[in-house]
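What follows is one structure encoded as structure tokens, with my remarks underneath.
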Amino acid sequence: MFKYNVCFIKSNDRILMLNREKPPIMGVWNGVGGKNEIGETADAGAIREVFEETGFKVNQYYSKGVITWATSDRKKDGLYVYLFEVDATIGNESIKKTREGILDWKHIDWIMDPNNLGIAEMVNQYLPVLLEKEGDYLFEYKDGIVMHIE
Ligand SMILES: Nc1nc2c([nH]c(=O)n2[C@H]2C[C@H](O)[C@@H](COP(=O)(O)OP(=O)(O)OP(=O)(O)O)O2)c(=O)[nH]1
């Protein structure tokens with residue numbers, strides 16, 4: 001089990017993004033998420049974090065993945081990534097400032113634009129895979145590249 005999850009909530013052609021108020025990765029746009037609790041499955045941790053940070057009660061994910069990498073002391077670390085879908089009308093809701101940062105529905109094209117320097121690392125590499133097809137994916141991160149393994 002790895003510690004963190006990051007969750008993307010899609011409504012039509014937009015995704016709910018958080019401009020992070022706090023470290024780590026302070027100031028950048030990322031999905032919502034946080035730490036899994038002891039004894040909690042990765043799926044339950046993701047669903048709980050989505051509720052705590054957005055108030056949305058999601059249940060079944062559309063797709064998910066785990067990204068693993070080698071740490072400096074040659075251990076394995078990783079991050080769980082989730083994509084949930086919600087009703088198309090929800091993505092029209094306005095910006096909200098929360099304790100965690102600013103929540104806003106961003107167009108997928110804006111998130112994926114190569115000129116967008118404000119998005120968390122790796123997102124533009126793994127998010128297209130999660131969006132393309134329902135599934136349960138495995139990625140490996142090395143030297144700045146997220147490799148889609150299966
Ligand atoms: N620590 C860390 N977190 C990352 C990286 N990349 C990335 O997407 N994340 C995500 C995972 C989490 O969604 C978020 C960091 O968690 P957080 O700061 O919001 O959570 P927290 O420790 O406050 O835990 P919680 O109270 O919300 O449970 O950033 C990274 O390189 N390092």
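We count ligands from 1, going down the list as the structure has it; atoms in each ligand are counted the same way. Predicted model, so just to flag it, every value in this text is computed and none were measured. Start at 1 with the first residue, then count along the sequence.
With respect to atom 6 (N) of ligand 1, the closest heavy atom belonging to the protein is Ile25 CD1, 3.8 Å. Protein heavy atom closest to atom 2 (C) of ligand 1, with residue, atom name and distance, is Pro24 CG, 3.7 Å. Looking only at heavy atoms of the protein, atom 8 (O) of ligand 1 is closest to Asn30 ND2, 2.8 Å. Taking atom 12 (C) of ligand 1 as the reference point, the nearest protein heavy-atom neighbour is Asn5 O, 3.3 Å. Of all protein heavy atoms, the one lying nearest to atom 24 (O) of ligand 1 is Lys35 N, 3.6 Å. Nearest protein neighbour of atom 16 (O) of ligand 1, counting heavy atoms only, is Tyr4 CE2, 3.3 Å.
Looking only at atom types and distance, the side chain of Tyr80 has no donor-acceptor partner in the side chain of Asp43 under 3.5 Å away. Thr89 and Asp87 share a donor-acceptor pair across their side chains, judged by distance under 3.5 Å alone.
Which of Glu37, Arg20, Glu53 comes nearest to atom 18 (O) of ligand 1 through a heavy atom is settled by distance: it is Arg20.
Between the side chain of Arg20 and the backbone N or O of Pro24, at least one donor-acceptor pair lies under 3.5 Å. Gln125 contributes a side-chain N or O that, together with a main-chain N or O of Val146, makes up a donor-acceptor pair within less than 3.5 Å. Looking at Lys10, its side chain does come within 3.5 Å of a backbone N or O of Asn12 through a donor-acceptor pair.
At a distance under 4.0 Å, a protein heavy atom can be found next to atom 20 (O) of ligand 1. Less than 4.0 angstrom separates atom 30 (C) of ligand 1 from none of the non-hydrogen atoms of the protein. Atom 26 (O) of ligand 1 is never approached by the protein to below 4.0 angstrom, counting heavy atoms only.
At most 12 non-hydrogen atoms from other residues, nucleotides or ligands lie less than 6.0 angstrom from CD of Glu132.
Residue Glu49 places a heavy atom under 4.0 Å from ligand 1. Residue contact check for ligand 1: Ala120 places no non-hydrogen atom closer than 4.0 Å to it.
Ring geometry for Trp69 versus Tyr141: interplanar angle over 60°, hence perpendicular rather than tilted (30 to 60°). Ring geometry, Trp110 versus Trp29: the interplanar angle exceeds 60°, so the pair is classed perpendicular (tilted spans 30 to 60°). Using the six-membered ring where Trp is involved, His148 and Tyr137 have ring planes that are perpendicular, over 60° apart on the 30 and 60° scheme.
Below 4.0 Å from some heavy atom of Lys22 lie the following atoms of ligand 1, by number and element: 23 (O).
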